[in-house]
Amino acid sequence: MVILDGKKVSNDIKEEIAKDVAQIVSNGEKVPHLAAILVGTDGASMTYVNAKVKACERIGFNSTLIDLPEETSEEVLLDHIQNLNSNKDIDGFIVQLPLPKHIDEQKVLMAVNPDKDVDGFHPTNVGRMALDLPCFLPATPYGILELLERYSVETSGKNVVVMGRSHIVGRPMSILMSQKRKAGDATVTVVHSRTKNLAEITKKADIIVAAIGISEFLTGDMVKDGVVIIDVGITRIPDDTKKNGYRLAGDVHFESVSPKASFITPVPGGVGPMTIAMLLKNTLLARERHVM
Ligand code: GUN
């Protein structure tokens, strides 16, 4: 069993990007600049956004965090987005999800200039992705493809089961893995909360991408020997034996699944760090497009 070490691979990618930044600096050119908007005080979102900003600092990007209170109106949020759209120094920006309930998420995502949409959530980028055209790939699916490629995991002709149909992970993942590409050419099945005989389907899978948001849902009896496991889930589970009072768990029951797996991502240290690395990669790409 091989651990797909997202922490290591993401550090490799960040080093590659840092080298590009050093070259940009030595050429006297504009350094990539990523901005993030955070609305409210959701603990997980604050952690993710801070990790994104810190990653920017480490590789030499400029970063801007726009931290707005929970009660921010949709109108004010849209004003901030327009400012970032027109600010020439900003190469790309993200609006951290989820947003408070009084804000229309779709309206907000559609307000982002697709050329600065480094999350790849704007319908223009989603459409371009589905049509195999150049676009910003959403960071989590992009990170999974990169991890599979760098570990030379064979995907061509394999049965891939994507668990979950979210706009951020499941849906784009299912589209990308069915496309003609390096980590692609797979036969993809999407399963979700209304799927019948779920375990019968997962047992036939060569590769499983678990992104349903239910901790330790996929257990050893639901997979076949040699399966490749990509675990996108990350949930805090109360644990009195830990100093901070919790442990992190994925959507996969690691203890029972890992002995049967040929490759498996750990939680934490698998998909999570890859997501951040690919967001940085998209920001570098956005800058290149803007200076061309
Ligand atoms: N919330 C969970 N994942 C993501 C992500 O990749 N981008 C943004 N903006 N919000 C998220």
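Computed from heavy atoms alone, side chains included, the values below leave out hydrogens, waters and symmetry copies. Along the sequence shown, the residues carry numbers beginning at 1. It should be emphasised that the depicted structure is a prediction, and the values quoted were computed from it without experimental measurement. Numbering of ligands and ligand atoms starts at 1, following listing order.
- Taking a cutoff of 4.0 Å between a charged side-chain nitrogen and a carboxylate oxygen, R287 and E29 qualify as a salt bridge.
- Protein residues lining ligand 1, listed by chain and number: K52, V95, Q96, L97, D119, F121 [non-hydrogen atoms, distance under 4.0 Å].
- For the pair R128 and F136, the cation-pi test (distance below 6.0 Å, angle within 45°) is failed.
- For K260, the NZ atom is densely surrounded, since the number of other residues' heavy atoms within 6.0 Å is greater than 12.
- Within the model, atoms OG of S86 and CD of Q82 stand 7.0 Å from one another, a figure rounded to the nearest 0.5 Å.
- Following chains of ILVMFWY side-chain contacts shorter than 4.5 Å, one can reach L280 starting from M274, so the two form part of one hydrophobic cluster.
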Using a 3.5 Å cut-off and no angle test, enumerate the donor-acceptor pairs between side-chain atoms of residues 61-73 and protein atoms at least two apart in sequence or in another chain.
{"from": "T64", "atom 1": "OG1", "to": "H33", "atom 2": "NE2", "distance (Å)": "2.7"}
{"from": "T72", "atom 1": "OG1", "to": "P69", "atom 2": "O", "distance (Å)": "2.5"}
{"from": "S73", "atom 1": "OG", "to": "V76", "atom 2": "N", "distance (Å)": "3.2"}

